[in-house]
Structures are given as structure tokens and as C-alpha cells.
Amino acid sequence: MVDRSADTVVIGAGVLGTSIALELARTGRDVVVLDKSGAVGHGSTSASSGIVRFHYSTYAGVALSWEAGHGWRDWAGHLGHVDPDGLAGFERTGMLVLDRIPGASDPITALFDEVGVPWEAWDADEIVTRLPHLDPGAYGPPAPVTSDAFFADAHGSLTGSFTPDAGYVADPTLAAHNLGAAAVASGATVLLHQRVVSVEEAGARRWRVTLESGDTCDADVVVNAAGPWSAQVNALAGVGADFTVTTRPMRQEVHEVAAPAGSDAVRIIVADPDLGIYSRPAGPGRLLVGGMEPECDPPEWLDDPDDVDPRPTLPVFEAQVMRAARRYPDLPVPRRPVGLAGVYDVTTDWSPVYDATDRPGFYVAIGTSGNQFKNAPVVGTVMRTLIDAVESGHDHDRDPVRLTLPRTGLEVDLSAWSRLRPVADDAPRSVLG
Ligand SMILES: Cc1cc2nc3c(=O)[nH]c(=O)nc-3n(C[C@H](O)[C@H](O)[C@H](O)COP(=O)(O)OP(=O)(O)OC[C@H]3O[C@@H](n4cnc5c(N)ncnc54)[C@H](O)[C@@H]3O)c2cc1C
């Protein structure tokens, strides 16, 4: 790359780094995106289940995901660029979130009403009518599949809330590629095989970013969009001491199995906190099964995301697929695991950090906690709005920036994703966020 300068350097060419680069380049900034891997979207984005849903525990979370859902439905319009490699497609399937305890989703459906997200309350009879292959029995709280408790009879029936507009993006890497191509078409530069090893305040520009090769790029603004490597990049820049929420990499497995034959149940996405799993369609006759951090399973924290073994393991496969077989009694359980492992960048409250920092010109879009792929169409706008305001002298810590979301007209207070937010005792502790 040799030595160069730009208005803005974005570290990370995942689905968020490319989204941010696109929105910044659209407004005339000279943007350079750096990624250590050999292709766009090859970090945690590549492992994503790509689920686009609206169940979040806060108004800001519901509003952002609802806005982003509109972006996925109009993906070509959002990009404003024809990618010759094809477009990532959004499959609208609807999603049922089962209630862990009766009434668990009431606070969330109240937020749906406030935001304007269509939803339906399903009791056990409705669940059986709509999803005849799904057993609505209450088995929770989740138990190890090696325990007697796991095999106990149902102690009741579940209810749930259904959002018809939820769905999934089958190829998350292609979505990041689309955003990267649109950013380049708007004037951004994306440079691959470029590992950032140092971020220092220096020179005529405020920041000097140094690569493993020894080349440098000077910039006024640096954005950390390094996914599960976010804490490493913050450490390079000396940022993080004042954060109230930490980010930490966590290994996660997703498995692919054959769906029950002729099943309608697998045509929609189901989140199942009662058993600690989620499932989504994965093409004809196939089902993806992932985990929801049940308390009975030890979390797999990582010191370094590069240490992750991408292969699925038998114990996690058995735990997740046997739980899925409890919910779908006709589900065939294969002998060998088929699937993948990826890494979440988990915050204390499972909500992301989209913020400036105490080092002028250094911004973060991190801590995506396994639930921010869906927000890619809007995170670029969030970060562009924040960067424009703060670079113009606005003190976002004292007087939070507010954003009117362009497609829905909803207003969100960007301090919802502040690095300095208080963490409530009852803050979310799972990927639902
Ligand atoms: C198994 C799994 C399932 C998921 N399912 C869903 C889902 O269904 N719905 C949903 O909304 N979200 C989901 N997520 C979360 C979602 O995928 C992430 O929130 C999102 O992809 C994060 O994108 P990102 O761009 O921030 O990070 P990444 O895609 O990880 O990109 C970060 C990039 O930074 C680069 N980088 C890191 N350090 C450096 C450095 N020093 N120098 C240069 N480059 C560097 C990396 O190479 C990487 O390409 C899931 C995640 C996983 C792992």
C-alpha cells in the first residue's frame, strides 16, 4: 500500500465496515477500508445465520432493526449500485419467538406497537395449527442433554409472538461484498491482506495507522469495525479505559440438518429460549440450528479470535440438535456434525457500541454480540451521522445525537449504543439482545 493519507480509515471489511465506508464515501469523504483477510466479509460475517428479526429488549433496538428490515427488502435500492457478482437476497419467512415464561414477550410486543412492527400473539393451539411439526410443550429451563431433566415430560404449553416480516439473508458474505462494491463505486478504497498493527496519534493528520508490512495510512478519522478483534484494535489505539461495557470474543456453533420430511414448520424461523436454541430454514429440506446461550452450557470465551477452530464439535452439535429434535419430534438426528463455528463480539449487555471515544477522531462500531448483521443497512447511517456531528464539535457524551431514520421516520437517540451507558442488572444475557 506504501504510505498514503485519507480522510477516514475503517479497520475491518465485514458487513459493518463496508456499510460505514459506503455511507461515508457517499457524502464525499475519502475512505480507505483495511482488512487483514483476503476477501470482504470473511470475518464473523461469513459465519452469520443472517437472521433479520425485530425482537429486541429496547425501543432503540426494535426501531433500528425495523428500519434495517426495510433496507434488506429494497437491497438493490439501498446499494444504488449493480454488483456484477449478484445481489444477496432477503427471504421473508416470518419468525416465532417462543415465550420462556408466560408473558415474557409482553414488553417487546409493547415496543412493536410503539414502533409499528406488525405482530401476532400465538397460543399453543395457534402454534400447532400454524406449525403442525412443532411440539409446543414447555420443557425449560434448558438442561444439559446428558441430564435426566432434559428428558422430563412437558410441564405445560408455550405461547409466542410472531412477526411476519422477519426473514433471513442466505449469503451474508455476499451482502458484505455488495456493500464493499457499492462503497468502491462511491469512491472508497478497499485494501485486503492488510493487518493493522499500530494506531497512533501523529502527523498532519490526527492518526497514523501502520500495517504489518510497515506501510502507513494517515487519517483524521479512524473507525474500529474489527468485529471480534475489536478489543485488540482498541488496545492498539489506547482506547477503552472509560467504557462501561466490555467486548469479548465468544465461540459459537451453527449446525445444518435435514428438516422433518414435508415439514411446514421449517418454513419460518423459530427462537426457542425454552430449550436454548434457534432454527431457520436453510434452503429446500434443510434447517440451521444455533444456540441461545442457555445458562446450563458453559460459554466458550476466547482470548484471541484467531485461535478459533472453525469445525463443529460433537458435544455442541449433540446439545443443539437434540434440543431441536425435542421441539421438532420428527427431526432426523445425523451421527456426524455438519456446520461451522464463528465468533461473536459480546458486550456486557449484548448490545453493540456505536460511538466516538475519548481519543478525538477514533470511533467504534463494535460489540455486535451475535445480533447486528441485520442492522448493516442502517449502521453506516448511524456512524456517518455520529462522525459528522462529533467532527463538527458536537459533544455526544453530554448532548446525545438523535437520528431520524430515513425509511421509517422513527427517531432514535444514539446514546442507546454509547460506550458509557449504564448496564442494568436485568440487561439481556443472550443473543436476543
Ligand atoms: C455463528 C454466528 C451467527 C450469527 N447469526 C446472526 C444472525 O442470525 N443475525 C444477525 O443479525 N447477526 C448474526 N450474527 C452476528 C453478525 O454476523 C455480526 O454481528 C456481524 O457480521 C459483524 O460484522 P462486522 O463487520 O462488525 O465484523 P466482521 O465480519 O468480523 O468483520 C471484521 C473484520 O475486521 C478484520 N480485522 C480484524 N482485526 C484487524 C486488523 N488488526 N487489521 C485489519 N483487519 C482486521 C477482520 O479480518 C474482519 O474481516 C452471527 C454471528 C455468528 C458468528
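Numbering starts at 1 and runs along the sequence shown. For ligands, and for the atoms within them, numbers begin at 1 and follow the listed sequence.
Residue K36 places at least one N or O, backbone or side chain, under 3.5 Å from an N or O of ligand 1. Where the criterion is an N or O separation shorter than 3.5 Å, residue side chain and backbone included, L16 meets it with respect to ligand 1. For ligand 1, the polar-atom distance check finds an N/O of I51 within less than 3.5 Å of one of the ligand's N/O atoms. Considering backbone and side-chain atoms together, R195 places no N or O closer than 3.5 Å to any N or O of ligand 1. For ligand 1, none of its N or O atoms has an N or O atom of A47 under 3.5 Å away. Residue-to-ligand polar distances keep V254 apart from ligand 1: every N/O pair is separated by 3.5 Å or more. The shortest N or O to N or O distance between G370 and ligand 1 is below 3.5 Å. Residue contacts with ligand 1: T45 is placed with a nitrogen or oxygen under 3.5 Å of a nitrogen or oxygen of the ligand (distance criterion only). The shortest N/O to N/O separation between F373 and ligand 1 falls below 3.5 Å. The distance criterion of under 3.5 Å between nitrogen or oxygen atoms is met by D35 with respect to ligand 1.
For A225, every heavy-atom contact with ligand 1 shorter than 4.0 Å involves the backbone, none the side chain.
Annotation: salt bridge (Lys or Arg N to Asp or Glu O under 4.0 Å) contacts involving residues 220-248, sequence neighbours excluded, comprise R205-D220, D242-R419.
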